[in-house]
Amino acid sequence: NALLSLTTNAGGNTTLAGNATTAGNMTFNDNVSLNGTYTTTSGGANGVFFVGGNSTLVANLTVIAGSGNVTFNGTVNGNAADVRALTVNSTGSTLFNAAVGNANALLSLTTDAGGNTTLVADANTSGNMTSNDNVSLKGTYNTNSSGTANGVFFANATTTLLGNSTVATGSGNVTFN
């Protein structure tokens, strides 16, 4: 059975070594290591997924929030460069308030259709960066962090620039639909 909610306090570190499902909010107020699929939609709920500290992906990560919002307040990095994928499925708002892949680039970053995604800092992947929903950008978005990957940058809905923004892909395609 799913938990009603999952909350950690500020300070310290939390490690989740597998999947987690709630019928409400998942709130990590500290630094967190994530590994698996985190779902806040059990029983028809549309809970919030929130990380207040820095996030480290120790395996591929998928967040499923229905129409609930997803927020990463701190940096989001892999535990090793170019091997961890992040997928966020929310028809609500997805917000990255700090750099993604600044210490260890992600393999890929993907958001689903519906809702809005905001990246207010730089993001680095060695593979594709795909926003299937409306996206707001303010930073440098690099899909060629390894120097040889040449990933694709794909914005499949309305794109809003919140400030100066740069997309670097090596020889990968850049598409704004």
Quick check: is [Y] connected to [X] through a chain of hydrophobic side chains (ILVMFWY, heavy atoms under 4.5 Å apart)?
| X | Y | answer |
| --- | --- | --- |
| Val100 | Leu161 | yes |
| Val51 | Leu6 | yes |
| Val167 | Val135 | yes |
| Leu61 | Leu107 | no |
| Leu86 | Leu137 | yes |

Subject >> Asn9 and Asn29: CA distance, side-chain angles, deciding distance, side chain to side chain contact (heavy atoms under 4.5 Å, CB included) verdict >> reply: CA-CA 5 Å; Asn9 64 344; Asn29 289 301; 5.7 Å; no
Please tell me whether [X] and [Y] have a donor and an acceptor in their side chains that are separated by less than 3.5 angstrom.
| X | Y | result |
| --- | --- | --- |
| Asn77 | Asn102 | yes |
| Thr111 | Asp133 | yes |
| Arg84 | Asn60 | no |
| Thr169 | Asn144 | no |
| Asn116 | Asn134 | yes |
| Asp82 | Ser145 | yes |

Measure the shortest side-chain to side-chain distance between [X] and [Y] over non-hydrogen atoms and say whether it is less than 4.5 angstrom.
| X | Y | result |
| --- | --- | --- |
| Asn124 | Tyr141 | no |
| Phe154 | Asn132 | yes |
| Asn97 | Thr71 | yes |
| Leu119 | Leu109 | yes |
| Phe50 | Asn73 | yes |

Original post:
Should we say atom CG of Asn177 is surrounded by more than 12 heavy atoms from elsewhere, each under 6.0 Å from it?
Top reply: yes
Original post:
Mind checking whether Phe72 and Phe96 have parallel, tilted or perpendicular rings, split at 30° and 60°?
Top reply: parallel
If every non-hydrogen atom of [X] is compared with every non-hydrogen atom of [Y], which pair is closest and at what distance?
| X | Y | value |
| --- | --- | --- |
| Ala98 | Ala121 | C-CB, 3.5 Å |
| Thr159 | Ala155 | OG1-CB, 3.4 Å |
| Thr21 | Ser42 | CG2-CB, 3.6 Å |
| Gly92 | Ser90 | N-OG, 3.0 Å |
| Ala45 | Gly24 | CB-N, 4.2 Å |

**OP:** Check the pair Val120, Leu162 against side chain to side chain contact (heavy atoms under 4.5 Å, CB included), reporting the backbone distance first and the verdict last.
**Re:** CA-CA 8 Å; Val120 296; Leu162 301 174; 4.3 Å; yes
Atom [atom1] of [X] and atom [atom2] of [Y]: how far apart are they, to the nearest 0.5 Å?
| X | Y | atom1 | atom2 | answer |
| --- | --- | --- | --- | --- |
| Leu34 | Leu16 | CG | CG | 6.0 Å |
| Asn164 | Thr140 | CG | OG1 | 9.0 Å |
| Asn35 | Asn79 | CG | CG | 9.0 Å |
| Met129 | Asn142 | CE | CG | 7.0 Å |
| Asn31 | Thr75 | CG | OG1 | 7.5 Å |
| Thr130 | Asn156 | OG1 | CG | 9.0 Å |

Original post:
Hey, mind stepping through Thr41 and Asn46 against side chain to side chain contact (heavy atoms under 4.5 Å, CB included) and telling me if it holds?
Top reply: CA-CA 5 Å; Thr41 59; Asn46 290 293; 4.3 Å; yes
Original post:
Is the backbone of Met26 close enough, under 3.5 Å, to the side chain of Tyr38 for a donor and an acceptor to pair up by distance?
Top reply: no
Subject >> Ser5 backbone acceptor or donor facing Asn25 side chain under 3.5 Å >> reply: no
Original post:
For the rings on Phe153 and Phe176, is their centre-to-centre separation under 6.0 Å?
Top reply: yes
Original post:
Should Val63 and Thr37 be marked as a side chain to side chain contact (heavy atoms under 4.5 Å, CB included) after you check the CA-CA gap, both sets of side-chain angles, and the distance that decides it?
Top reply: CA-CA 6 Å; Val63 176; Thr37 299; over 6 Å; no
